[in-house]
2 protein chains.
Amino acid sequence: MADKREHILVVAEELFAEKGFDGTSVRDIAQQAGVNLAMISYYFGSKEKLLESLLEFRAGYAYGILEELNQDQSLSPWDKIDRLVDFYVDRILNNLRFHNIMYQESSTRSEEIRIKAKDIKLRNLEQISKIITDGQQKGLFRQVDIPLTVGTIMGTISSYTLSKFYTCAILALNEDVDDELYRLRLSPRLKAHLKQLLRAHLDIHNDSLPPNRLKGL
Amino acid sequence: MADKREHILVVAEELFAEKGFDGTSVRDIAQQAGVNLAMISYYFGSKEKLLESLLEFRAGYAYGILEELNQDQSLSPWDKIDRLVDFYVDRILNNLRFHNIMYQESSTRSEEIRIKAKDIKLRNLEQISKIITDGQQKGLFRQVDIPLTVGTIMGTISSYTLSKFYTCAILALNEDVDDELYRLRLSPRLKAHLKQLLRAHLDIHNDSLPPNRLKGL
DNA sequence: ATTAATCAATTAAACGTTTGTTTAATTCAA
DNA sequence: TTGAATTAAACAAACGTTTAATTGATTAAT
């Protein structure tokens with residue numbers, strides 16, 4: 001075992017996402033990670049600080065990708081939106097555990113954790129904002145509420161990753177389908193929907209749309 | 001106290017939403033509700049069955065409203081979409097507690113609870129589906145992924161109701177703002193965003209949009 | 001009308017687990 | 001030999017649930 005500390009974090013991540021923070025005992029984590037119970041206090045200080053460490057451990061990754069995507073001059077804003085959707089769907093579906101902790105569990109915890117989670121989200125929002133404002137400056141995107149648009153992306157995905165039961169019903173899958181097939185079905189559908197949605201939402205040509213609403217009547 | 005059972009449910013709802021299911025003890029509920037600890041087992045059987053009772057207690061309301069909205073012949077599909085957005089934003093913001101339980105907490109619980117939560121969601125989806133397919137049949141709405149569109153509505157709202165810390169940062173509000181002002185700021189912004197979003201997303205005129213994407217380049 | 005019986009409502013206390021954390025001893029490598 | 005890593009054991013506190021006793025109002029018998 002290369003890094004025991006990191007291994008504990010990965011195991012804790014899985015368990016937290018599966019059973020919730022309060023629903024997971026330190027003994028669960030220790031046993032699943034194959035380490036002594038006392039090692040968790042020894043490494044992290046407490047269960048709450050373990051969660052804090054987990055946030056730090058995972059925080060950097062998404063930001064790096066977004067930054068890179070942002071600086072890529074060869075991609076049009078539309079391409080970047082598509083890539084953004086692909087990235088987030090893939091990332092969330094492949095890191096369901098961490099995502100659930102980050103977006104639901106952390107909001108009921110200590111102030112330090114809530115602040116940390118907030119800051120991570122704000123940093124990511126900043127990067128996505130740049131992509132959208134760039135598209136606006138280039139005359140491709142219309143005026144939209146950017147933070148809420150980001151909320152729409154994350155929220156749409158989350159609404160289908162929080163409850164496997166409901167999602168399986170929608171996808172016409174058996175409830176105990178294996179994770180591989182589950183992702184395989186959900187991923188393209190989420191991506192297609194979000195791209196179609198954002199295309200219409202962001203397109204500059206739709207700026208004159210609101211008054212047209214009554215056309216069809 | 002008219003109905004003690006119901007009073008316990010309301011108190012439990014508040015506490016669950018605030019501190020999570022596992023984070024709330026039966027003693028917390030009993031104390032806050034002003035009843036003896038044993039009354040909760042006496043009334044509901046167990047803590048889990050209390051949550052189950054809570055779901056049943058709250059489930060009926062939304063469905064009734066949606067059904068009514070659906071059957072209203074005087075409203076156009078576009079009007080119904082607007083009303084739908086208004087309803088859900090208001091309802092979720094005014095029942096933050098129950099919504100958080102229903103959409104996050106219930107997914108990590110017993111099978112019975114997960115099934116119950118799933119069924120409630122499916123029933124509501126059914127009603128919203130009718131509104132959208134009606135708009136499609138009337139030639140107003142284009143072809144969209146209806147269940148995912150519903151996920152977008154719920155998810156967008158949820159993404160801003162799960163973490164008050166983050167939301168306050170976005171709204172440029174102090175973190176300990178009172179709930180009244182908090183809702184007053186968040187509600188119109190969510191409604192405006194969702195209506196603008198759905199207008200573009202659903203409009204039949206956008207069916208020919210995808211190939212136009214490259215226009216701006 | 002008074003008493004007796006019945007049963008649900010309510011209570012305080014205790015149940016056995018499980019919780020997060022700490023201690024104090026031991027291992028092991030530097 | 002020093003100090004970090006690791007261990008088993010113990011800690012008190014909190015957990016969900018149960019018990020057994022008591023209350024209080026309603027019903028049946030006297």
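Residue numbering restarts at 1 for every chain, and letters A, B, ... go by the order of the sequence lines.
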From the options [options], select the nucleotide whose nearest atom is closest to the side chain of [X].
X       : options                : answer
A:Lys47 : D:dT7, C:dG20, D:dT17  : C:dG20
B:Met39 : C:dT10, C:dT21, D:dC15 : C:dT10
A:Ala38 : D:dA10, D:dA8, C:dA13  : D:dA8
B:Tyr42 : C:dA12, D:dT17, C:dA8  : C:dA8

Rounded to whole Å, please give me the gap between [atom1] in [X] and [atom2] in [N].
X       : N      : atom1 : atom2 : answer
A:Lys49 : C:dG20 : NZ    : P     : 16 Å
A:Tyr43 : D:dA5  : OH    : P     : 6 Å
A:Asp22 : C:dG20 : CG    : C1'   : 12 Å
A:Leu50 : C:dT19 : CG    : P     : 15 Å
B:Phe21 : D:dG16 : CZ    : P     : 8 Å
A:Leu37 : C:dT21 : CG    : P     : 10 Å
A:Arg27 : D:dT7  : CZ    : C1'   : 14 Å
B:Phe44 : D:dG16 : CZ    : C1'   : 15 Å

When the ring planes of A:Trp78 and A:Phe141 are compared, do they come out parallel, tilted or perpendicular, using 30° and 60° as the limits? perpendicular
Specify whether B:His201 and A:His193 have parallel, tilted or perpendicular ring planes, treating 30° as the upper limit for parallel and 60° as the lower limit for perpendicular. perpendicular
Determine: side-chain N/O of [X] to OP1/OP2 of [N], distance under 4.0 Å, yes or no.
X       : N      : value
B:Asn36 : C:dA12 : yes
B:Ser25 : D:dC15 : yes
B:Lys4  : C:dT10 : yes

Here's one to test your reading of the geometry: is the NZ or CZ of [X] within 45 degrees of the ring axis of [Y] and under 6.0 Å from its centre?
X        : Y        : answer
B:Lys80  : B:Phe87  : no
B:Lys116 : A:Phe165 : no
A:Lys4   : A:Tyr43  : no

Over all strands shown, is A:Ser41 touching base, sugar-phosphate only, or nothing at heavy-atom distances under 4.0 angstrom? base
With a 4.0 Å cut-off on heavy atoms, is B:Ile40 in touch with a base, just the backbone sugar-phosphate, or nothing at all? nothing
